[in-house]
Amino acid sequence: MPITHAPTNWAGNITFSAARLHHPDTVDELRRIVRSADQVRVLGTGHSFNRIADTEGDLVNLDRLPHRVEIDPGKRTATIGAGMRYAQVAQALHTEGLALANLASLPHITVAGACATATHGSGSAQQCLAAAVTGLEIVGPDGELTRISRDEDRDRLNGAVVGLGGLGVVTAMTLDIEPTYDVAQWVWTGLPLDRLDDSFEEIFGAAYSVSVFTDWHSGEGVVWLKCRTDLPDPPEPGQPWLGAVPADRHHHPVPAMPPLHCTEQLGAPGPWHERLPHFRPDFTPSNGDELQSELLLPRESASAAFAALRGLGDRIAPVVQVSEVRTVAADELWLSPAYGRDSVAFHFTWVPDHDAVIGVVAAMEEALLPLGARPHWGKLTTAAPERIRSSYDRAADFARLLAEHDPAGKFRNAYLDGYFPTG
């Protein structure tokens with residue numbers, strides 16, 4: 001339907017340019033919309049901070065499509081509706097005694113949007129969320145429904161999963177699953193930042209999922225360890241560790257923010273989907289009060305990156321709410337920032353002041369791009385598109401995949417044209 005009030009993204013820093021916004025109730029209705037449109041993009045929860053989802057044509061939100069969770073016990077997979085949020089999928093799986101290997105810090109985001117941009121959780125042995133995808137169902141430019149699967153064409157699937165919305169509208173995804181498990185979460189405060197360098201492997205190998213929060217200026221960090229109860233124990237709870245002390249109260253990632261809506265800490269075990277995210281699904285944290293950027297580097301560049309960020313700490317601290325350091329395992333997905341390399345991820349939650357923030361982002365990228373940094377596809381960056389594209393070995397293959405799936409460019413927009421120009 002025609003837009004009377006232009007929608008915005010999560011943070012409100014992007015106002016979408018679409019002429020029409022659709023909420024189809026069925027896949028058949030979606031197919032008719034795509035078939036008749038000249039330009040189409042998909043909007044999930046809007047948890048992106050650039051114009052990746054923008055279009056001047058038709059914007060489609062899949063939030064009203066029927067929820068779909070079809071479990072294949074033999075293959076240990078679940079086919080789910082792509083417009084579902086991770087919280088919805090997780091609850092459905094857990095009810096059946098099943099789980100995903102990992103989750104992002106926010107369970108509020110859609111599965112399709114997270115995978116299309118290679119969003120990740122944390123864990124030195126855990127790949128990005130999109131690596132769990134074994135199959136896609138996609139509505140193409142002619143409205144026809146096609147499927148790409150790992151069994152039939154693994155390489156093509158590796159190209160399509162992190163698709164930036166350019167191959168069509170993903171309506172369903174098949175994900176690897178496993179038996180459910182419990183997680184306990186502990187927090188240590190006052191970690192000397194020098195320890196990030198000299199004890200990197202010990203810190204990020206201490207638990208199933210590890211996050212370190214800092215502002216790069218105070219000289220200290222806060223460590224969150226998310227430990228599977230069926231795996232070896234973390235550092236002894238209640239005891240100092242690497243100069244940090246165990247927390248005796250719940251924490252929020254952003255200092256001074258109340259932790260009421262964060263997931264349970266202090267070592268209380270609970271289901272995987274109630275501990276792996278930082279936030280509970282019944283509350284939307286900091287909506288509209290932040291900007292975000294993120295850079296993923298080869299893990300061997302971690303030490304140089306730590307030094308560079310601490311050198312910029314006096315510029316970062318006044319405009320950052322918090323920075324989070326995580327690790328991500330290498331994968332085979334063509335456009336994943338962790339493609340082909342175990343990675344360390346530097347995430348920044350900024351104050352909602354674009355002019356004040358963007359210069360600091362530029363300074364960080366000037367220091368970190370030469371170390372092999374790749375920006376997150378859905379967040380702020382000042383790097384030239386051609387420079388980012390050149391950091392991906394399979395970029396040319398992805399450009400050809402775009403042309404094969406969408407030769408007339410129905411799913412393209414200015415964002416995609418900047419990174420993968422035609423002609």
One thing to verify: whether [Y] and [X] come together as a salt bridge, which I'm taking to mean a side-chain N less than 4.0 angstrom from a carboxylate O.
X: Asp230; Y: Arg228; value: yes
X: Arg150; Y: Asp176; value: yes
X: Arg310; Y: Asp194; value: yes
X: Glu152; Y: Arg147; value: no
X: Glu137; Y: Arg68; value: yes

Where does the angle between the aromatic ring planes of [X] and [Y] fall among parallel (under 30°), tilted (30 to 60°) and perpendicular (over 60°)?
X: Phe306; Y: Phe346; answer: perpendicular
X: Tyr181; Y: Trp272; answer: tilted
X: Trp377; Y: Phe420; answer: tilted

Side chains of [X] and [Y]: does their closest heavy-atom pair fall under 4.5 Å?
X: Ser323; Y: Trp216; result: yes
X: Ile203; Y: Leu196; result: yes
X: Ile14; Y: Arg51; result: yes
X: Thr180; Y: Leu98; result: no
X: Ser211; Y: Pro253; result: no
X: Glu324; Y: Glu294; result: no
X: His376; Y: Thr119; result: yes
X: Val34; Y: Val169; result: yes

Separation between [atom1] of [X] and [atom2] of [Y], rounded to the nearest 0.5 Å:
X: Leu157; Y: Ile148; atom1: CG; atom2: CD1; answer: 6.5 Å
X: Leu266; Y: Asp248; atom1: CG; atom2: CG; answer: 8.0 Å
X: Ile177; Y: Thr134; atom1: CD1; atom2: OG1; answer: 9.5 Å
X: His120; Y: Cys115; atom1: NE2; atom2: SG; answer: 13.0 Å
X: Leu59; Y: Ser17; atom1: CG; atom2: OG; answer: 9.5 Å
X: Leu62; Y: Asp25; atom1: CG; atom2: CG; answer: 11.5 Å

From CA spacing to verdict: side-chain hydrogen bond (donor to acceptor under 3.5 Å, both in side chains), His22, Asp58: CA-CA 7 Å; His22 305 272; Asp58 290 74; 2.5 Å; yes
Under the side-chain hydrogen bond (donor to acceptor under 3.5 Å, both in side chains) criterion, do Asp331 and Ser336 qualify, and how do the steps go? CA-CA 7 Å; Asp331 59 55; Ser336 166; 2.7 Å; yes
Report the C-alpha distance between Val328 and Asp342 in whole Å, list the side-chain angles of each, state the deciding distance to 0.1 Å, and finish with yes or no for side chain to side chain contact (heavy atoms under 4.5 Å, CB included). CA-CA 6 Å; Val328 186; Asp342 291 332; over 6 Å; no
Side-chain H-bond candidate by donor/acceptor type, [X] with [Y], under 3.5 Å:
X: Asn413; Y: Asp417; value: no
X: Trp10; Y: Thr45; value: no
X: Glu365; Y: Thr382; value: yes
X: Thr8; Y: Thr15; value: no
X: Thr349; Y: Glu290; value: no
X: Gln265; Y: His251; value: no

Using the salt bridge (Lys or Arg N to Asp or Glu O under 4.0 Å) definition, which of the options Arg341, Arg154, Arg156 pairs with Glu332?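 The residue from Arg341, Arg154, Arg156 that satisfies salt bridge (Lys or Arg N to Asp or Glu O under 4.0 Å) with Glu332 turns out to be Arg154.
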[X] side chain to [Y] main-chain N or O, any donor-acceptor pair under 3.5 Å?
X: Thr79; Y: Met173; value: no
X: Asn50; Y: Leu380; value: no
X: Arg374; Y: Ser391; value: yes
X: Thr327; Y: Val344; value: no
X: Asn9; Y: Asn13; value: yes
X: Asp406; Y: Leu167; value: no

Can you name the closest pair of heavy atoms from [X] and [Y] and give their distance?
X: Val162; Y: Ala116; result: CG1-O, 3.3 Å
X: Leu309; Y: Leu368; result: CD2-CD1, 4.1 Å
X: Ala247; Y: Thr189; result: CB-CG2, 4.3 Å
X: Gly313; Y: Pro318; result: O-CD, 4.5 Å

Checking side chain to side chain contact (heavy atoms under 4.5 Å, CB included) against Gln185, which of Glu264, Lys226, His250 comes through?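 Single pass found, and it is Lys226.
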Using a cut-off of 6.0 Å, state whether more than 12 heavy atoms not belonging to Glu366 lie near its atom CD.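 No.
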More than 12 foreign heavy atoms under 6.0 Å from CD of Glu29: is that the case here?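 Yes, CD of Glu29 has more than 12 neighbouring heavy atoms, counting only those of other groups under 6.0 Å.
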Determine, step by step, whether Arg299 and Phe204 satisfy the side chain to side chain contact (heavy atoms under 4.5 Å, CB included) criterion, reporting the C-alpha distance in whole Å, the side-chain angles of both residues, the deciding distance to 0.1 Å, and the verdict. CA-CA 11 Å; Arg299 209 169 295 179; Phe204 289 97; over 6 Å; no
For a ring pair (Phe, Tyr, Trp, His ring centres under 6.0 Å) check, start with the C-alpha distance between His252 and Phe279, then their side-chain angles and the critical distance, and finish with the verdict. CA-CA 9 Å; His252 190 286; Phe279 299 100; 5.3 Å; yes
Asp63 vs His23, test: side-chain hydrogen bond (donor to acceptor under 3.5 Å, both in side chains). Steps then yes/no. CA-CA 7 Å; Asp63 57 345; His23 293 266; 2.8 Å; yes
Tell me, with the steps shown, if Val40 and Thr55 meet side chain to side chain contact (heavy atoms under 4.5 Å, CB included). CA-CA 7 Å; Val40 179; Thr55 180; over 6 Å; no
Are Val222 and Leu191 close enough, and set up right, to give a side chain to side chain contact (heavy atoms under 4.5 Å, CB included), and what steps lead you there? CA-CA 6 Å; Val222 178; Leu191 177 78; over 6 Å; no
Under 6.0 Å between ring centres: does that hold for His278 and Phe213?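 Ring centres of Phe213 and His278 closer than 6.0 Å.
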Kindly say whether the aromatic ring centers of Phe398 and Tyr392 come within a distance under 6.0 Å.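 Not under 6.0 Å, so no.
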side-chain hydrogen bond (donor to acceptor under 3.5 Å, both in side chains) between Lys379 and His47: does it pass, once the steps are laid out? CA-CA 9 Å; Lys379 302 186 189 293; His47 196 262; 4.5 Å; no
